[in-house]
Amino acid sequence: MATTTNFFTYLAIIFFSMSTSGFSQLTPDFYDDVCPQALATIQLMVDAAIVQEPRMGASLVRLHFHDCFVNGCDGSILLDDTPTMTGEKTAGPNNNSVRGFDVIDQIKTAVNVACLGNVVSCADILAVAARDSIVALGGTSYDVLLGRRDATTASMADANSDIPRPTQDLPALVANFQSHGLAPEDLVVLAGAHTLGFARCVVFRSRIYNETSTIDPGFASDLQAQCPITGDDDALSPLDDTPAVVDTDYYQGLLRAKGLLHSDQQLFQGDGSDTDSLVQYYSDNPSSFWEDFGAAMIKMGNLSPLTGSDGEIREDCRVVNQD
Ligand code: HEM
Ligand SMILES: *[C@@H]1O[C@H](CO)[C@@H](O)[C@H](O)[C@H]1NC(C)=O
Ligand SMILES: *[C@@H]1O[C@H](CO)[C@@H](O)[C@H](O)[C@H]1NC(C)=O
């Protein structure tokens with residue numbers, strides 16, 4: 001009897017997780033028939049963009065994250081504001097911060113040409129471009145699941161409430177990820193995306209001028225030279241010491257109190273917590289990091305996609321189709 005109950009509970013859990021994450025509806029071969037050139041075209045465009053500017057890889061990875069965390073991976077972050085809709089681009093975590101929109105436009109144009117029509121969604125382009133960026137910068141590939149469709153609306157308010165903040169403590173970061181169906185383990189491994197890219201002075205200033213903050217003093221004084229106590233809000237510092245290489249230096253930095261953001265250092269506080277152990281583990285297991293990161297990116301990419309006849313395939317990633 002107990003076994004039967006457990007069996008049905010188990011089925012219910014599987015069904016529930018499939019219906020909320022939607023992974024049953026996305027497939028790696030979604031474009032194989034309608035546009036066999038789609039993925040190769042995206043990769044070519046991503047590689048070219050990264051050759052031109054290595055940081056673009058980081059920016060494309062972040063775009064996919066900020067898309068997925070606001071009402072699912074539905075391309076909503078790409079919509080420009082209109083007189084009747086204030087979208088996500090100027091929300092606090094995005095304004096003057098997320099970038100790569102022009103590259104996404106170029107990819108979309110190239111894909112529409114290669115596919116002889118508008119068959120690849122902007123949401124899928126973001127997911128594939130993130131993966132291709134990771135690969136171009138030295139990470140390990142993973143199969144992106146495809147078949148997402150694009151939202152017809154976007155919300156600044158939702159972007160403000162749903163994207164985690166660099167000032168948050170560990171419990172708030174864990175709760176934020178939990179609200180997206182992601183575990184603390186996913187938080188630690190996905191934060192490893194900070195192996196790439198840069199942050200602006202304005203988001204880490206309070207940390208480097210705060211004598212009580214848990215930051216290596218030499219690291220803090222080096223950063224002060226780049227990031228004055230007032231002004232220069234947009235001056236950039238790398239999130240780890242190799243911002244154009246996918247490696248485990250991000251985690252090694254955390255072990256030495258050299259996390260750039262407060263939220264980064266929250267993952268390792270030297271108190272032997274579970275997140276401490278994971279940071280320690282990834283710091284000296286690059287192959288585990290790559291494998292777990294790919295799995296977590298797939299999980300993040302499954303957040304509430306629009307599928308079937310929901311949403312649309314946008315012709316221009318910045319605007320809802322006019323028809
Ligand atoms: C855990 C919570 C997270 C917080 C609080 C956070 C916060 C931030 C902040 C404040 C910046 C710098 C923004 C700026 O200077 O304007 C940044 C950059 C970045 N974040 Fe995160 N992030 C988090 C998780 C993630 C995740 C899960 C990913 C991807 C999977 C990611 C990818 C990136 C990348 C690649 C950059 C560099 C972007 C560039 O150079 O253009 N972050 N993040
Ligand atoms: C976004 O940034 C611009 C330029 O700094 C600023 O003028 C604008 O007020 C910001 N928008 C919001 C909604 O904060
Ligand atoms: C300085 O750091 C402490 C400990 O992390 C924190 O409680 C405090 O709010 C910080 N102060 C400022 C001005 O950021």
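Heavy-atom basis, side chains included; hydrogens, waters and symmetry copies ignored. Model, not experiment: these values are computed from the prediction. Order of listing sets the numbers, starting from 1, for every ligand and every atom in it.
- With respect to D186 and K299, a salt bridge is recorded, a charged nitrogen being found less than 4.0 Å from a carboxylate O.
- Under the 4.0 Å criterion applied to side-chain N and carboxylate O atoms, R148 and D124 are assigned as salt-bridge partners.
- Against a heavy-atom cut-off of under 4.0 Å, N95 is close to the following atoms of ligand 2: 1 (C), 2 (O), 3 (C), 8 (C), 10 (C), 11 (N), 12 (C), 14 (O).
- For the residue pair T90 / N95, no side-chain donor-acceptor distance below 3.5 Å is found, with atom types taken as modelled.
- Nearest protein heavy-atom neighbour of atom 15 (O) of ligand 1: R200 N, 2.6 Å.
- With atom 31 (C) of ligand 1 as the reference point, the heavy atom nearest to it among F65, F69, F198 is part of F65.
- Looking at R165 next to ligand 1, no N or O pair under 3.5 Å apart turns up.
- Of the heavy atoms in L261, only side-chain atoms (C-beta onward) come closer than 4.0 Å to ligand 1.
- When the heavy atoms of R62, Q266, H194 are ranked by distance to atom 42 (N) of ligand 1, first place goes to H194.
- In this structure, atom 2 (C) of ligand 1 lies nearest to the protein heavy atom P164 CG, 3.5 Å.
- Of all the heavy atoms of N176, none lies under 4.0 Å from any atom of ligand 1, so neither backbone nor side chain is involved.
- The shortest heavy-atom distance from F177 to ligand 1 is under 4.0 Å.
- No salt bridge links D241 with K258; every basic N to acidic carboxylate O contact stays at or beyond 4.0 Å.
- For Y282 and D292, the side-chain atoms include at least one donor-acceptor pair closer than 3.5 Å.
- The presence of a protein heavy atom under 4.0 Å from atom 9 (O) of ligand 2 is ruled out.
- Looking at N96 next to ligand 2, an N or O pair under 3.5 Å apart turns up.
- Of the polar atoms of S59, at least one N or O is found under 3.5 Å from an N or O of ligand 1, judged by distance alone.
- Considering backbone and side-chain N/O of R99, none are found under 3.5 Å from N/O of ligand 1.
- With salt bridges taken as basic N to acidic carboxylate O contacts below 4.0 Å, one links D80 and R318.
- Within the 4.5 Å cutoff, the side chain of D274 has no heavy atoms near those of the P184 side chain.
- Relative orientation of the F293 and F289 rings is tilted, given thresholds of 30° and 60° on the angle between their planes.
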